[in-house]
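In what follows, a structure is listed as structure tokens, so that the remarks can point back to it.
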Amino acid sequence: MTQESKINLAANEIDQSMFEPLAQEDKNAEYIAVEVKTFAKDSWDRFRKNKLALAGFIFIATLVALVVLVPILSPYTYDGMEMENRNALPSLKHIFGTDRFGRDIFVRIMYGGRISLAIGFASAGINLIIGVVYGSIAGYYGGTLDAVMMRAVDIIYSVPSMLYVILILMVFGNNVWSMLLAISLTSWVSMARQVRAQVMSLKEQEFALAAMVIGASKSRIMFKHLVINAIGPIIVCLTSMVPGAIFTESFLSFVGIGLSAPSSSWGTLANETRQIYSTYPIQVIWPVCAICLTILSLNFIGDGVGEAFQPKRKDN
Amino acid sequence: MVKYTAKRILQGLFAMFILTTITFFMMKIIPGNPFNKDNKVIPAKQMAALVEKYGLDKTIMEQYTDYMKNLLKGDMGISYNKVDMTISSIIKRTAPVTAKLGMVAFGVSLVAGVTLGIVSALSKKRWVNNIITVIVTIGVSVPSFLIGIGMMILFGVKLKLFPLIGLTSPRHFVLPTIALSLSPISYITRLTRSSLRDVMNQDYITLARSKGTKNIKVIVMHGLKNALLPVITYCGPLISGLVTGSFVTESLFSIPGIGAQFVNSVNNRDYTLIMGLTIFLGLLVIVFNMLADFVSAAVDPRIKLKG
């Protein structure tokens, strides 16, 4: 084949259609990228992949719904007694059975859940506020202020927080509010440490400098720029606090130095069954299961949240 | 090392001072004093004598300086409820019981935790890891007191395998020890597993292997030696956890130790005893935290350079 015929052949293959503009949707055909997701969507997708975490989430969501709706759903009240029906085994009428006064155990567990869960979530919320403010101030200002603030944290940390909680309970009485106060005052230190570490490394980055250069105030830089960027570790720390608070409360109530009736949390309910564990072991099981399953679920959620918000974190 | 040690001791002393001060003033701001609760029983004259005996007629600051002075001498005063019993004598009676159980639980936690951690880090078999993960998850999530009561029902009441009350024979130790040490075991397993996995990927492990060192020697001498540092640091919090755990374990199993005594004193509102035991237990934990820090600083030179 001669040189000339080769050119002719090539010329024949080029026709007008090749010069038409591409359709709009084909323009990025070779552009390689994953679907653009928001931070929340991205984290949720990763969270969903962890089946245990998802199961824990469903359990807690169901529990919260039951606990909130129990007065509407159940015909029994929290303290309604059926004297002819005491220490009954689980049946269709009373799905968890009844206690020594003929009170429906399921309803009592649900009301106890109100207190236990409320203490867990509320104290985590208070911890979040104290810990974030304290940690970001220490981390941002640094120097002597940081040293003094962190020594204070070390001192609080070096004594078992249970001792402080018991002291605070003794001063303010055995009610839900002082329990909340006691747990909140003693367990924010890990959050403060976490936030401080994050803020210290973030404040060295360019965006913090840029914010400073355009004249943003210190509190704006701290909370709008630094703390927001540390949101992953903060949420991870937050999810680990809820089971911790529920544990502390139920521990103290179980020993008999926490909440006492009429505000019966799961710990109090478990404590009430201590005398009858050999005669009616089935009654011990309900509060115990409630506490265990809740803490287990919350821990699973914590693991899932950890993977979702800190994908780089090593699995241990 | 000297500078690090001095700094750490100073910090510990300061923590002790803060703890005693806070405890003292918290006890003093509790409304009312224990003798006017049912003072119909106590005649006015005797009441005055009691108030004087406990120094309640002095100002708070005087009481505070007196208490701190006596504390330095090791004198914590006398119990409100059991008159004529000094706090120190109560501690002397109950602490050894707790210490015995605590040391057993401490040893079991370390040995079992480290062993499980090694097995799970090195085992290539999936089912081994799965079993250990299940144990660890339960141990972390199920509070010790629930494990305690669960075992009481299962082994004590249903199977009648172990005695439930007291701490008189080795068989009595089994259930309380498990209740106390299951959650530390889980933490130590996690710690050992993750740090050993990290260490085994380091270059010096590959080097040791390539020199033909025996596998067991690589694991123990090169791997474990470096992987155990976080475990040593954890010993401080471990003691703290055992102290808190003793409150409930001893009450559950009726063990006459310091934890059960503390819970009783809170129930009886025996303020001087609460104060004494809080300070004693707090000091204990502070000292053990300090010791754990010293050991890890001695083992790992990097720590004292940082601190």
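We name chains A, B, ... by the order of the sequence lines, and we start the count at 1 in each one.
Using a cutoff of 4.0 Å between basic side-chain nitrogens and carboxylate oxygens, R193(A) and D154(A) are scored as salt-bridged.
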Let me see the working for Y64(B) and F25(B) under ring pair (Phe, Tyr, Trp, His ring centres under 6.0 Å), right down to the final yes or no.
CA-CA 8 Å; Y64(B) 175 65; F25(B) 285 105; 5.0 Å; yes
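Only the side chain of F300(A) comes within contact range of chain B, judged by heavy atoms closer than 4.5 Å. Only the side chain of V284(A) comes within contact range of chain B, with at least one heavy atom under 4.5 Å from a heavy atom of that chain. Neither the backbone nor the side chain of I156(A) comes within less than 4.5 Å of any heavy atom in chain B. Neither the backbone nor the side chain of F288(B) comes within contact range of chain A, judged by heavy atoms closer than 4.5 Å. Both the backbone and the side chain of T137(B) come within contact range of chain A, with heavy atoms under 4.5 Å apart. At a 4.5 Å heavy-atom cutoff, T133(B) makes no contact with chain A through either its backbone or its side chain. Residue S161(A): no heavy atom, backbone or side chain, is found under 4.5 Å from chain B. Interface residue I166(A): only side-chain heavy atoms are found under 4.5 Å from chain B. In this structure, the portion of F254(A) lying under 4.5 Å from any heavy atom of chain B is its side chain and not its backbone. Interface residue M27(B): only side-chain heavy atoms are found under 4.5 Å from chain A.
Taking 4.5 Å as the heavy-atom cut-off, the residues of residues 146-153 of chain B that approach chain A are L146(B), I149(B), M152(B), I153(B), ordered by number.
Note on G282(B), P237(B), G236(B), P143(B): by heavy-atom pairs under 4.5 Å with chain A, the leading option is P143(B).
Within the 3.5 Å criterion, the main-chain N or O of V255(A) finds no donor-acceptor partner in the side chain of N271(A).
A centroid separation of 6.0 Å or more is found between the aromatic rings of F172(A) and W177(A).
Of the candidates S195(B), S194(B), S296(B), S195(B) is the only one forming a side chain to side chain contact (heavy atoms under 4.5 Å, CB included) with P230(B).
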